[in-house]
Amino acid sequence: MVGSSCAYSMVNQAICDEIMMIDRSYDRAMAQALDLSHCMDFTGTRTKVYAGTAADCGEMDVIIITAGANPKQGQTRLDVLDAAAVITEEIVNDIMASGFDGIFVIAANPVDIVTYMVWKMSGLPRHRVIGTGTSIDSSRLKTLLSEVFSIDPRSVNGYALGEHGESQFVAWSHVTIGGKPILQIMEQHRERFRHLDLEDIAKKTKDAGWEIFTRKGSTHFGIGSALAYITRSILNDEHKIIAVSAILDGEYGQREVCSGVPAIIGSDGIKELLELNLNEEETGKFIASCDIVRAGIHSLNLEDRI
């Protein structure tokens with residue numbers, strides 16, 4: 001559903017010339033490709049959509065990995081790590097055997113650990129392996145704040161950082177509305193926003209995915225659009241700043257871990273990671289979140305898989 005929603009978003013936005021759908025079931029991939037191809041009469045640009053296999057990936061510019069294991073009721077994204085690792089290993093090995101030398105964009109959960117795994121198994125440089133990370137969480141944050149302040153979500157700037165999971169947090173010191181810090185707005189208008197609870201907003205941001213998942217069994221429109229947004233910035237070299245899951249090598253004082261941080265996304269993948277000047281509390285939360293992701297990475301024993 002995530003992959004199909006992403007493809008649908010890309011078709012309607014005319015992001016690329018060609019999309020190849022891959023699934024364990026070739027018939028399902030073919031059906032999705034046919035269904036998507038029937039959109040063309042109603043879009044501004046024709047996108048060629050067809051089914052293929054991992055062996056056909058050698059000349060692709062971007063490969064989007066959405067296949068993963070869904071958590072059951074009461075589980076977290078980390079609880080499906082072992083199943084996700086088996087799926088990811090098979091996918092990456094098959095794709096790299098095709099001679100692929102482009103950019104990976106990953107949405108499979110737990111996305112920070114899966115992104116790290118794809119990086120290690122593919123052998124590609126870290127700037128060409130990008131996870132969706134907290135891009136969708138940051139979007140959810142902006143939507144929630146837009147409802148409180150009665151403004152367009154795109155007038156809100158701010159990020160959820162860290163793991164795309166239970167240990168994520170909102171960097172409130174860097175959240176602005178129309179360029180003005182939200183903490184300053186709340187201080188200047190105490191009476192008007194006296195009922196605004198930032199901790200509650202952060203919790204709703206973190207739990208938004210689960211709220212959708214428990215009601216319909218999956219989340220796919222939002223994350224599909226996030227994937228399309230990241231891919232568009234790559235293919236058009238847009239240099240958009242997006243909170244993605246990136247492999248850290250000294251940034252924020254972290255190494256050998258993957259975490260959600262703002263990055264400039266262009267034709268080469270990650271052009272640059274932006275290091276926000278986090279306050280002491282936020283720094284502590286970021287370190288704790290990275291430690292959780294790192295523990296998950298170590299549990300995989302990647303050296304034995306490579």
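The shown structure was predicted, so the numbers you read here are calculated from the model rather than taken from an experiment.
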**Student:** Would you please name every residue forming a salt bridge (charged side-chain N to carboxylate O under 4.0 Å, His left out) with D237, sequence neighbours left out?
**Tutor:** K271
**Student:** Mark yes when over 12 heavy atoms from residues, nucleotides or ligands other than E280 sit less than 6.0 Å from its CD; otherwise mark no.
**Tutor:**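 Open.
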**Student:** Is any side-chain heavy atom of N279 closer than 4.5 Å to one of W172?
**Tutor:**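 Contact flag for W172/N279 side chains = no.
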**Student:** For Q168 and T134, test the side chains for any donor-to-acceptor distance below 3.5 angstrom and give the result as yes or no.
**Tutor:** no
**Student:** Would you indicate whether the side-chain heavy atoms of N236 and R232 approach each other to under 4.5 Å?
**Tutor:** yes
**Student:** To the nearest 0.5 Å, how far apart are OH in Y252 and CG in L276?
**Tutor:** 3.5 Å
**Student:** So which heavy atom on R140 is nearest to which on A208, and how close?
**Tutor:** CD-CB, 3.6 Å
**Student:** Excluding sequence neighbours, so at least two apart, what forms salt bridge (charged side-chain N to carboxylate O under 4.0 Å, His left out) with K48?
**Tutor:** none
**Student:** Passes side-chain contact (heavy atoms from CB on, under 4.5 Å), R128 versus D101? Steps please.
**Tutor:** CA-CA 9 Å; R128 286 202 270 140; D101 192 34; 3.2 Å; yes
**Student:** Does the side chain of E187 reach to within under 4.5 Å of the side chain of R190, using non-hydrogen atoms?
**Tutor:** yes
**Student:** Please report the shortest heavy-atom distance between G52 and I22, naming the atom on each side.
**Tutor:** O-CG1, 3.7 Å
**Student:** Assigning hydrophobic clusters by single linkage (Ile, Leu, Val, Met, Phe, Trp, Tyr; side-chain heavy-atom cutoff under 4.5 Å), is L274 placed with V129?
**Tutor:**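 Same cluster: L274 reaches V129 through Ile, Leu, Val, Met, Phe, Trp or Tyr contacts under 4.5 Å.
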**Student:** Within a reach of under 6.0 Å around CG of N277, are more than 12 heavy atoms found that belong to other residues, nucleotides or ligands?
**Tutor:** no
**Student:** Tell me which pairs pass side-chain hydrogen bond (donor to acceptor under 3.5 Å, both in side chains) where either residue lies in residues 284-297, with sequence neighbours left out.
**Tutor:** S167-S289, Q254-R294, E281-K285, D291-R294
**Student:** Determine, stepwise, if the pair I65 / T88 fulfils side-chain contact (heavy atoms from CB on, under 4.5 Å).
**Tutor:** CA-CA 9 Å; I65 298 179; T88 303; 5.5 Å; no
**Student:** Do you know which two heavy atoms are closest between S173 and L183, and how far apart they sit?
**Tutor:**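 Of all heavy-atom pairs spanning S173 and L183, the closest is CA-CD1, 4.2 Å.
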**Student:** Looking at R24 and E90, is any side-chain nitrogen of the basic one under 4.0 Å from a carboxylate oxygen of the acidic one?
**Tutor:** yes
**Student:** Is there a path of hydrophobic side-chain contacts, each under 4.5 Å between heavy atoms of I, L, V, M, F, W or Y residues, that connects W119 with L227?
**Tutor:** yes
**Student:** Starting from the C-alpha separation in whole Å, work towards a yes-or-no answer on side-chain contact (heavy atoms from CB on, under 4.5 Å) for V293 and I113.
**Tutor:** CA-CA 6 Å; V293 174; I113 300 173; 3.9 Å; yes
**Student:** About how many Å separate CD1 of I297 and CE of M117, when rounded to the nearest 0.5 Å?
**Tutor:** 11.0 Å
**Student:** Assess the residue pair K206 and D137 against the criterion (side-chain contact (heavy atoms from CB on, under 4.5 Å)); give the C-alpha distance rounded to whole Å, side-chain angles, the decisive distance to 0.1 Å, and a yes or no.
**Tutor:** CA-CA 7 Å; K206 180 187 70 174; D137 305 294; over 6 Å; no
**Student:** Quick check against the 3.5 Å criterion: does S233 have a side-chain atom that pairs as donor or acceptor with the backbone of K240?
**Tutor:** yes
**Student:** For D56, what residues pass the salt bridge (charged side-chain N to carboxylate O under 4.0 Å, His left out) criterion, not counting sequence neighbours?
**Tutor:** none
**Student:** Please report the interatomic distance CE(M21) to OH(Y50), rounded to the nearest 0.5 Å.
**Tutor:** 12.0 Å
**Student:** Check the hydrophobic clustering (I, L, V, M, F, W, Y; side-chain heavy atoms under 4.5 Å; chains of links allowed) and say if L278 and V175 are grouped together.
**Tutor:**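 L278 and V175: separate clusters.
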**Student:** Does E59, at its CD atom, have more than 12 non-hydrogen atoms belonging to other residues, nucleotides or ligands within less than 6.0 Å?
**Tutor:** no
**Student:** Is it the case that more than 12 heavy atoms not belonging to Y8 sit under 6.0 Å from its OH atom?
**Tutor:**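 12 or below, so no.
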**Student:** Which heavy atom of A171 sits nearest to which heavy atom of L161, and what is that distance?
**Tutor:**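 For A171 and L161, the tightest heavy-atom pair comes out as CB-CD1, 3.8 Å.
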**Student:** Could you state the interatomic distance from CD1 (I182) to NZ (K180), rounded to the nearest 0.5 Å?
**Tutor:**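 It comes to 12.0 Å.
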**Student:** For E272, enumerate each residue passing the salt bridge (charged side-chain N to carboxylate O under 4.0 Å, His left out) test, keeping only those at least two apart in sequence or located in another chain.
**Tutor:** none
**Student:** Could you tell me which residues satisfy side chain to side chain contact (heavy atoms under 4.5 Å, CB included) with D61, sequence neighbours excluded, listed by chain and number?
**Tutor:** L235
**Student:** Is any side-chain heavy atom of I130 closer than 4.5 Å to one of I103?
**Tutor:**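 Counting from C-beta outward, I103 and I130 do come under 4.5 Å.
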**Student:** Taking C-beta and beyond as the side chain, do E251 and V261 meet within less than 4.5 Å on heavy atoms?
**Tutor:** no
**Student:** Please check if the side chain of S98 supplies one atom and the backbone of A55 the other of a donor-acceptor pair under 3.5 Å.
**Tutor:**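 Pair absent, no side-chain N/O of S98 close to backbone of A55.
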**Student:** Heavy-atom distance under 4.5 Å between the side chains of R126 and D249, does that happen here?
**Tutor:**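 Yes, their side chains come closer than 4.5 Å.
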**Student:** Which heavy atom of A160 sits nearest a heavy atom of S138, and at what distance?
**Tutor:** N-OG, 3.1 Å
**Student:** Quick one: are C6 and T66 in side-chain contact, heavy atoms under 4.5 Å?
**Tutor:** no
**Student:** Could you tell me the separation between the CD1 atom of I230 and the CD1 atom of I242, rounded to the nearest 0.5 Å?
**Tutor:**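 Going from CD1 on I230 over to CD1 on I242, the span is 5.0 Å.
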**Student:** Which heavy atom of F104 sits nearest a heavy atom of S122, and at what distance?
**Tutor:**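 In terms of heavy atoms, the two residues are closest at CE1-CB, 3.9 Å.
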**Student:** What I'd like to find out is whether the side chain of I292 reaches to under 4.5 Å of the side chain of E166, using heavy atoms alone.
**Tutor:**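 Answer no - side chains too far apart.
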**Student:** Suppose we call two aromatic rings close when their centres sit under 6.0 Å apart. Are F149 and F193 close by that rule?
**Tutor:**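 Distance test on ring centres: under 6.0 Å, yes.
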**Student:** Judged by atom type as modelled, is there a donor-acceptor pair below 3.5 Å linking the side chain of T45 to the main-chain atoms of A14?
**Tutor:** no
**Student:** Under a 3.5 Å distance rule, please check whether S4 uses its side chain to pair with a backbone N or O of M1 as donor and acceptor.
**Tutor:** no
**Student:** For residues S245 and D112, is any side-chain donor paired with an opposing acceptor at under 3.5 Å?
**Tutor:**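 Note: S245 and D112 side chains meet the donor-acceptor criterion.
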**Student:** Quick check for you: to the nearest 0.5 Å, what is the distance between S146 atom OG and R154 atom CZ?
**Tutor:** 10.0 Å
**Student:** In the single-linkage hydrophobic clustering (I, L, V, M, F, W, Y; side-chain heavy atoms under 4.5 Å), do I212 and I201 co-cluster?
**Tutor:** no
**Student:** M96, M121: one ILVMFWY side-chain cluster at the under-4.5 Å cut-off?
**Tutor:**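 In one cluster: yes.
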